[in-house]
Amino acid sequence: MPELPEVEHLKRTLEPALVGARVERVHVYRTDVLRRAADGPGRSGLKRRPSGAALLQSSTIVDLKRHGKQLAIVSDSGAAVCVHLGMSGQLRYVPAGDVLTRTDHVHCQWSLKRSGAQGELLFRDPRRFGGVWMASSLAELEERCWSVMGPDALTISAAAMQAALKRTQRSVKAALLDQHVLAGVGNIYADESLFDARINPQVQASTLSAARVQRLHVALVSVLRSAVDSGGSTLRDYVDSTGAKGSFALKHNVYGRAGSECTRCGGKLVQIVVAQRTTVYCARCQKR
DNA sequence: CCGGACTCCTGTGCGC
DNA sequence: TGCGCACAGGAGTCCG
C-alpha cells in the first residue's frame, strides 16, 4: 500500500522518463477514476470523457510534485494531473518494445515521446481506491486539494507536529493516519515510527509530552527517509515505475510481525485494532 | 465540530 | 482440489 516513501521513490524513478516528454496521446479506459481538482478531494468520478488537454495531451511534462501520498504531473500548458494510488494503484512507465506483464485494470494511458524515445505511462489500479485528479493549474490543485491536507510528513516541523497533536482527542495512531493532520503516513509507517519512538499507539495524542512528540518527529522522519532509500515497502502489489519491488518490508520492526519477537527487547509483539486498523506494537517497549 | 463507524473494491489466503 | 468467506486498507461520507 503506497504511502509517502513509495510515492517519493516512484517520483524519482519516473522523473528521468517523464520530465521533458511530450504527451502524444491519452487513452482513458474508465472515466470514473477521473476527478476534477476544482471539485476538491471528493470521490465522485466523471461520467463523460474529458478533453485530451485536461489530461495533458499535446503538452510537455515539465515537473513532478509530491504532497503526502499524491503525485502531480505538471505540463508546460500549466495543466496538471494528480495521481493518487490508494491501496493498489501503480504508475508504470513502459518503454516502447517492452511488454507490461499485466494489462488488466489499466484505467488510463499516456503515450509519451522524449527526444526520439517513446513509451507508455500507465495508471493501473485493481481496487480503484485511487484516482486521477485533473487540474487546470498546479495552483488550483494546491489550493483545492493539497491545502486542505496537513503539511507533508517529510517537511513538517516538530513544533507544527506538536501543535497538531495537541488539537485532537484521538489516539496518536489515529492522528498520524489522518491526512488532515500531516500528509503521507499510512498504516505501515505509523506503526514503525511509533515503535521507533517507543510510544504506545493507543495513547491520546494531546497528552504526549513535548519530549515524546520530539522523539516521534525524529523517528518518523528517520523511518520515512530510510524507507525512501530502500525503494519503499512491497507487501504484495507495490512496484515502482519500472516494476521493481521495494525492500523496506525486510526492515519492518512491527508491521506484519505480530506474534514474533521484538527486535529491541525480545518481547512478543501484539496485534490490536486502533482506528479500525490492524496495529502491531511491543507491549514491553511501548508502554502507555 | 469532532470522532467513530461504514463504505467503496478486488485479490489473496485460509479453513472446511 | 475447490469453494466461500474474511481480510487487507486510503480516505470520503455519514451519523450520533
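Lettering follows sequence order; numbering is per chain, from 1. Heavy-atom basis, side chains included; hydrogens, waters and symmetry copies ignored.
- Around atom CD of E142(A), more than 12 heavy atoms belonging to other residues, nucleotides or ligands sit under 6.0 Å away.
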Using a cut-off of under 3.5 Å, enumerate the N/O to N/O pairs linking the protein to nucleotides 4-7 of chain B.
from, atom 1, to, atom 2, distance (Å)
dA5(B), OP2, Q276(A), OE1, 2.7
dA5(B), N7, Q276(A), NE2, 3.3

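- Q179(A) has its CD atom 4 Å from the P atom of dA11(C), to the nearest Å.
- Dashed line: the shortest gap from a side-chain N or O of T278(A) to OP1 or OP2 of dA8(C) is under 4.0 Å.
- Of the side-chain N and O atoms in T168(A), one or more sit less than 4.0 angstrom from OP1 or OP2 of dG3(B).
- A straight line from CG of D178(A) to P of dG9(C) spans 17 Å, rounded to a whole angstrom.
- Judged by distance alone, the side chains of K47(A) and T31(A) never bring a donor and an acceptor atom under 3.5 Å apart.
- Computed from coordinates, the D125(A) CG to dG9(C) P distance equals 16 Å when rounded to whole Å.
- Rounded to whole angstrom, the span from the CD atom of E3(A) across to the C1' atom of dA8(C) amounts to 13 Å.
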Below 3.5 Å is the cut-off: list the nitrogen or oxygen pairs between protein and nucleotides 10-12 of chain B, distance only.
from, atom 1, to, atom 2, distance (Å)
dT10(B), OP1, R128(A), NH1, 3.2
dG11(B), OP1, H105(A), NE2, 2.9

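- In terms of position on DNA chain C, the residue among F129(A) and H180(A) whose nearest nucleotide sits closer to the 5' end is F129(A).
- Side chains of K173(A) and N200(A): a donor-acceptor N/O pair is absent below 3.5 angstrom, by distance only.
- Residues Y238(A) and E3(A) bring no donor and acceptor atom of their side chains to less than 3.5 Å of each other.
- Not one side-chain nitrogen or oxygen of Y238(A) sits closer than 4.0 Å to the OP1 or OP2 atom of dA8(C).
- When rounded to the nearest whole Å, the span between CD of Q204(A) and P of dC2(B) equals 14 Å.
- Using a 4.0 Å heavy-atom cutoff across all strands shown, P41(A) reaches sugar-phosphate atoms only and no base atom.
- As rounded to whole Å, 19 Å separates atom P of dC9(B) from atom CG of L85(A).
- One finds a side-chain N or O of H84(A) lying less than 4.0 angstrom from the OP1 or OP2 phosphate oxygen of dA11(C).
- Residue R36(A) places its CZ atom among 12 or fewer non-hydrogen atoms of other residues, nucleotides or ligands, all under 6.0 Å distant.
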Between D125(A) and V33(A), is a side-chain contact (heavy atoms from CB on, under 4.5 Å) present by the stated rule, with each step listed? CA-CA 9 Å; D125(A) 186 11; V33(A) 301; over 6 Å; no

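- Residue contacts for Y189(A): at a heavy-atom cut-off of 4.0 Å it reaches no nucleic acid atom on any strand shown.
- Rounded to whole Å, atom P of dA8(C) lies 9 Å from atom CG of N187(A).
- No hydrogens or angles considered: a donor-acceptor pair under 3.5 Å links the side chains of D240(A) and H9(A).
- In this structure, Y93(A) and T13(A) have side chains that are not in contact, with every pair of non-hydrogen atoms separated by 4.5 Å or more.
- Side-chain N/O atoms of E120(A) and W110(A) include no donor and acceptor closer than 3.5 Å.
- Within the hydrophobic cluster formed by Ile, Leu, Val, Met, Phe, Trp and Tyr side chains joined at under 4.5 Å, directly or through other members, V274(A) is accompanied by V270(A), I272(A), Y281(A).
- With rounding to whole Å, L177(A) atom CG is found 14 Å from dG3(B) atom C1'.
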